[in-house]
Amino acid sequence: MDIENFEKFLNSVNEDLDKIFEYQKEYILCKKGCSYCCKQGDFPMSEIEYKYLMLGFDKLDEATKKEINKNIKKIKEQQNKDSYICPFLINDVCSIYEYRPFVCRTFGVLTEDAKGNPTFPFCASLNLNYSQIYDKEKKHLSMDLVEKNNFKIYPKIFRLNNKVIMNLPLAKQLNINFGEAKKMIDFL
Ligand code: SF4
């Protein structure tokens, strides 16, 4: 793996994501220790992201590695492999945070589905991100609530997913080979 180029790419993506989260900060309630998004998912990623994540794993102490391996074993034994608690989540904190895949970095903002409809992060229904403007009954964006709450910035819908990120021009410029994409557990 060409780590240097991947890290260059990652840094650029991070800078853009920081701007996005900053721009939408009125709606974002993410904080350390809030780990709902790590507790249900299949965490899809590309091969290069997996290899990078494992660089983070290699740096952990033996006790933490042991705990993660136990978590992985438990997931492999469970029937449903489409939704699980991320094995790298230890005491509600990501143990490989600096090495986490794109799916974890992008979660939390308002995105769109394949048809261009706004898609809320699921934590909107848990009184977290965008919950102030989320109509829980109709399960969609309420412009009435945007007006009523006097937000300075309008909620913006971002086209953010693994495919969009991997197709950024910089990925081509840096000649990044992402490799096969799979669910996290299928790499482990
Ligand atoms: S890698 Fe880290 S941020 Fe991503 S789901 Fe797992 S614990 Fe959460």
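Numbering of ligands and ligand atoms starts at 1, following listing order. Fair warning: this is a prediction, and the values are worked out from it, not measured in the lab.
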- Near-ring test Tyr36/Phe122, centroid separation under 6.0 angstrom: no
- Item | Salt bridge flag under 4.0 Å for residues Lys19 and Glu22 | no
- Message: So, 2.8 Å as the limit: is an N/O/S atom of Cys94 located closer than that to atom 4 (Fe) of ligand 1?
- Response: no
- Message: If the cut-off is 4.0 Å to any non-hydrogen atom of Phe43, which atoms of ligand 1 fall inside it?
- Response: 5 (S)
- Message: Give me the nearest non-hydrogen protein atom to atom 4 (Fe) of ligand 1 as residue plus atom name, then the distance to 0.1 Å.
- Response: Cys104 SG, 2.2 Å
- Item | Passing candidate, side-chain contact (heavy atoms from CB on, under 4.5 Å) with Tyr154, options Gln24, Glu26, Met143 | Met143
- Phe178/Phe9 aromatic ring centres below 6.0 Å: yes
- Message: For atom 1 (S) of ligand 1, what's the nearest protein heavy-atom neighbour? Residue, atom name and distance, please.
- Response: Ile96 CD1, 3.6 Å
- Please write down residue, atom name and distance for the protein heavy atom closest to atom 8 (Fe) of ligand 1. Cys38 SG, 2.3 Å
- Counting heavy atoms not belonging to Tyr97, are there more than 12 under 6.0 Å from its OH? no
- Considering the heavy atoms of Leu89, write down every atom of ligand 1 situated less than 4.0 Å from one of them. 7 (S)
- Message: When you measure from atom 6 (Fe) of ligand 1 to the N, O or S atoms of Cys86, does any of those distances fall below 2.8 Å?
- Response: yes
- Task: Using the six-membered ring wherever Trp is involved, compare the ring planes of Phe151 and Tyr27 and label them parallel, tilted or perpendicular (cut-offs 30° and 60°).
- Result: tilted
